There are 2 protein chains.
Amino acid sequence: MTNTTENTESTILKAAKTVFLKKGMDGARMQEIADEAGINKALLHYYFRSKQQLFEAVFLNAFSLLAPQLNYILNDDSSVQDKIIKFTHNYITFISQHPYLPNFVIQEINRNPDFAIQIKERPQFPDIKKFKIQVDLEVKAGVLKPIKAEQLFINIMSLSIFPFIGKPLLKAFLNTDENTFSNIIEERKTVVAIFIMNSIKA
Amino acid sequence: MTNTTENTESTILKAAKTVFLKKGMDGARMQEIADEAGINKALLHYYFRSKQQLFEAVFLNAFSLLAPQLNYILNDDSSVQDKIIKFTHNYITFISQHPYLPNFVIQEINRNPDFAIQIKERPQFPDIKKFKIQVDLEVKAGVLKPIKAEQLFINIMSLSIFPFIGKPLLKAFLNTDENTFSNIIEERKTVVAIFIMNSIKA
DNA sequence: ACATTTGTTAACCATTTGGTTAAACTAAAT
DNA sequence: ATTTAGTTTAACCAAATGGTTAACAAATGT
């Protein structure tokens, strides 16, 4: 077997990722993916059978990029403070390089909530249990002000992810240009952790 | 002129809102909107000419529901603390009753950023200027810890809105059922303001 | 009563779109 | 050299979809 096969397959996947991430399942067109990949449309079906299956390949790939980052904050052994500092910085940095990713994943799970069930069954799927025990412990020990781990988790995710999803809206509200907004995001790599820790440090 | 006209028109708008908010421009089908309204598909074109124009009517209507709430926090004369308490409570309450709204608006602005330009020109479009001056003043007066108004604004929006947009994802991560998640959201009506104020109160 | 305007519908149309097919091409195996 | 298996393409197909039309129904004005 020649290696053109694998090349073509990964070329398709890359192109599909570009188009699906930008336009979503409903907005994407098989012809556009083929054009992006520079190949004949029939090849998409030759390698992936259907739009649905090609989409799922892209979706699972996208999700598997987001999950490990999360496992880090949830299962690391450092203090809650260290985790928050590292996580917010890493996550905002990471998403800056893949700005379409969170919006895509969230949008498609909203469109078809069955996806959430599917990905929950995967082994790398993040589990909040350990993080919750740790937060409860530090609260009891008086290191942190009383806060429910669930609320803290939601806050961390909200502050890290929303600015990317809501970017066009926020840009309009703040009346800033692209460059200024980038600077604000850059600043958030450190400022978000400070904001959170100011709130919960006892 | 009979009033059936206005009835039909508003029936269409209501149905279009239901379908567009759930499925977005790309996912929505004119036939589905007609079925939802219980009328013939041709009537959609009779009253709104095209899918695009019907969509725009729905979008502007949706946006005009979100904007006034924002103007409140930005232009009210109460202290920053009072604003944050009132805003987070009001906004989370409001969105609970219209859970598809923010996701829809953000998604469609992402799909077509020209929308952001269009709505910016409307008179009710929120302006952050006054809020910024107020925050800067309270920081200088030592009422608040140093924080940029822009970052604070993004934080408030993130903490209020993201839980609704990311709901299916958060539900999966937190491993909670619908009911538990509703309780968490309910709790956020008060807990978000406390979280923010703990962070920024000097 | 009658004509005219407005509202509503079923049938139809053109285009788009996901998907298929049969033929052509390529490269390794014999 | 010839066969064989895998790869790629142009042409094609059926269904879906936004939009139109022509006829019909219901109000409204005269």
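Below, read A as the first sequence line, B as the second, and so on, with proteins coming before strands; counting in each chain starts at 1. Just so you know, these numbers come straight off a predicted model, no measurement behind them.
Between B/S50 and D/dG18 there is no side-chain N or O to OP1 or OP2 distance below 4.0 Å.
Following rounding to the nearest Å, B/Y46 (OH) and C/dA10 (C1') show an atom-to-atom distance of 17 Å. As rounded to whole Å, 12 Å separates atom C1' of D/dA25 from atom CG of B/L43. Between the C1' atom of C/dT16 and the CZ atom of A/R29 lies a distance of 8 Å, rounded to the nearest Å. Taking atom NE2 of residue B/H45 and atom P of nucleotide C/dC13, one finds them 17 Å apart after rounding to whole Å. Atom CG in A/L54 sits about 15 Å away from atom C1' in C/dT17, given to the nearest Å. Here the P atom of nucleotide D/dT20 and the CG atom of B/L44 are 12 Å apart, to the nearest Å. In this structure, B/M30 atom CE and D/dG18 atom P are separated by 7 Å, rounded to whole Å. Residue A/D26 contributes atom CG, which lies 13 Å from atom C1' of C/dT17 at whole-angstrom precision.
Rounded to the nearest 0.5 angstrom, B/S199 OG and B/K145 NZ are separated by 6.0 Å. Considering CD of A/Q97 and CG of A/L65, their distance stands at 11.5 Å, rounded to 0.5 Å.
Annotation: A/K23, atom NZ; neighbour count of heavy atoms from other residues, nucleotides and ligands within 6.0 Å does not exceed 12.
In the set D/dT9, C/dT9, D/dT8, the nucleotide with an atom closest to the side chain of B/A42 is C/dT9. For A/I39, the listed nucleotide lying nearest its side chain is D/dT9; candidates were D/dG19, D/dT9, C/dG18. For B/N40, the listed nucleotide lying nearest its side chain is C/dA10; candidates were C/dA10, D/dT20, C/dG19.
When atom types are taken as modelled, the side chain of B/T176 and the backbone of B/A172 share no donor-acceptor pair closer than 3.5 angstrom.
B/A34 and B/L44 get closest at one heavy-atom pair: N-CD1, 4.0 Å.
With hydrogens and angles ignored, a donor-acceptor pair under 3.5 angstrom links the side chain of A/K41 to the base of C/dG19.
Within 4.0 Å (heavy atoms only), B/A28 reaches sugar-phosphate atoms of the nucleic acid but no base atom.
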